[in-house]
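Report on one structure; see the data block that follows.
Remember, it's a predicted structure, so these values are computed and weren't measured experimentally. These values consider heavy atoms only, across backbone and side chains, with no hydrogens, waters or symmetry-generated copies.
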Amino acid sequence: MGITTEASPFDCILFDLDDTLYPTTTGIDHSVKKNIELFLIEKCGFSETQASTLRVELFKSHGSTLAGLRALGYDISADDYHGFVHGRLPYEAIQPDIQLRNLLRSIKQRKLIFTNSDRIHALKVLDRLGIEDCFEQIVCFETMNPNLPNSTRPDEFPVLLKPSLDAFKIALHTAKVDPRRSLFLDDSTRNVAAGKEMGLHTVLVGKTVKSKGADYVVESVNNVAQVIPEIWANAMDGDDERITRSKSELDAVLATAAVGA
């Protein structure tokens, strides 16, 4: 696989966090769903059956259980909700990923996290993976909902999260990202479709078939080098030394990926 002297089409790479930078086999997603249902039972008074159904319905209609509850008039603070749902997760299930770290460090463009999760959770996950120093910025729940702590009633400020286009607009503006020059990776087909609508180049992670709006699909984030080598294209000029260095970096990433496959 050769390296082109043409400039990379990407100036910035935006990564989703959960189930994108680590596999679903960790069981974190299952624990999150279980904790959300416990929150609905213990904090909101729903039965077990109601909690299970409501979690799914609120996710479909509002993007998250918290957003749905507040829209329905439940005066629940984001900090309390995230503290309950994420505060008891088995983070030890997430192991350091040297292959992922090497991949990220080989990418010279800006790298940002773009997650619906709260900052505390994002930092814990990145720390467990051993990649907390690989990103310039974390765009998270607090970024998209800066006014929420100042609300005087639950429905005063609707909770904004992916796949809301308003959430994308806030994230892109805050991070000063040009969507036309940016690559967005996410495991959610809804988020990928929204990202494409915003003008981002998109990658569906964790699947084998492209969904609506997906420009690329990778079974694992660690397969990005094989599927999108243009990330490593010569981003500055046609200098032979730089081209050789870029090719060596990509070859190293591909070799590591082959070993870890």
Hey, would you say the H82 and F39 ring centroids sit under 6.0 Å apart?
no
Sidechain-backbone polar pair: T53 side chain, T49 backbone, donor-acceptor under 3.5 Å:
yes
Using the rule side-chain contact (heavy atoms from CB on, under 4.5 Å), only one of L21, D16, V139 pairs with I113; which is it?
L21
With salt bridge (charged side-chain N to carboxylate O under 4.0 Å, His left out) as the criterion, how do R101 and D97 come out once you've worked through the C-alpha distance, each side chain's angles and the decisive distance to 0.1 Å?
CA-CA 6 Å; R101 180 174 177 82; D97 191 336; over 6 Å; no
Just by modelled atom types, is the A175 backbone N or O under 3.5 Å from a matching donor or acceptor in the R110 side chain?
yes
Compare every heavy atom of L58 with every heavy atom of L72, then report the nearest pair and how far apart it is.
CD1-CD2, 4.0 Å
Is a side-chain N or O of E57 found less than 3.5 angstrom from the main chain of L54, in a donor-acceptor match?
no
Taking atom types as modelled, is there a side-chain donor on Y91 or H121 under 3.5 Å from an acceptor on the other?
yes
Between E219 and G206 (side chain of the first, backbone of the second, donor and acceptor by atom type, cut-off under 3.5 Å), is there such a pair?
no
Which distance, rounded to the nearest 0.5 Å, do you find between the CG of L183 and the CD1 of I13?
4.5 Å
If you look at every heavy atom in S151 and L148, which pair is closest and at what distance?
OG-O, 2.9 Å
Keeping N223 on the side-chain end and S220 on the backbone end, is there a donor-acceptor pair under 3.5 Å?
yes
Check: S211 side chain, A214 main-chain N or O, donor-acceptor pair, under 3.5 Å
no
For F141, does its backbone N or O pair with a side-chain atom of R119 as donor and acceptor, under 3.5 Å?
no
Taking every non-hydrogen atom, the tightest pair across V217 and K207
CG2-O, 3.3 Å
Using side-chain heavy atoms (C-beta onward) and a distance below 4.5 Å, is F15 in contact with L104?
yes
Distance alone, cut at 3.5 Å: any donor-acceptor contact between the side chains of D187 and T20?
yes
Is any side-chain heavy atom of I76 closer than 4.5 Å to a side-chain heavy atom of C44?
yes
Identify all side-chain donor-acceptor contacts of residues 164-173 below 3.5 Å with residues at least two apart in sequence or on another chain.
unit_1	atom_1	unit_2	atom_2	d
S164	OG	D166	N	3.2
S164	OG	A167	N	3.4

So that I can tick it off, tell me whether K196 and D215 are bridged by a salt bridge, with the cut-off set at under 4.0 angstrom between side-chain N and carboxylate O.
yes
Where the side chain of E156 meets the backbone of T152, is there a donor-acceptor pair that is under 3.5 Å apart?
yes
If you look at every heavy atom in D127 and E132, which pair is closest and at what distance?
CA-OE1, 3.6 Å
Spacing of OG1 belonging to T25 relative to CG belonging to D29, to within rounding of 0.5 Å:
11.5 Å
Is a donor from one side chain sitting under 3.5 angstrom from an acceptor on the other, for S31 and R88?
no
Is there a donor-acceptor pair closer than 3.5 Å between any side-chain N or O of E37 and the backbone N or O of E48?
no
Who else is in the cluster with I120 when I, L, V, M, F, W and Y are joined by side-chain contacts under 4.5 Å?
none
Salt bridge or not between D186 and K162? Use side-chain N to carboxylate O under 4.0 Å.
yes
So which atom in V177 and which in S182 form the shortest heavy-atom distance, rounded to 0.1 Å?
CG1-OG, 2.9 Å
Checking W232 against S8: is there a side-chain donor and acceptor pair closer than 3.5 Å?
no
How about N116 and S64: does a side-chain donor come under 3.5 Å of a side-chain acceptor?
no
When every non-hydrogen atom of A51 is compared with those of I41, the smallest separation belongs to CB-CG1, 3.8 Å
Distance, nearest 0.5 Å, that separates OG1 of T202 from CG of L14:
12.0 Å
Within a 6.0 Å radius of atom NZ on K124, are there more than 12 heavy atoms belonging to other residues, nucleotides or ligands?
yes
Backbone N/O of L160 and side chain of N145: donor-acceptor pair under 3.5 Å
yes
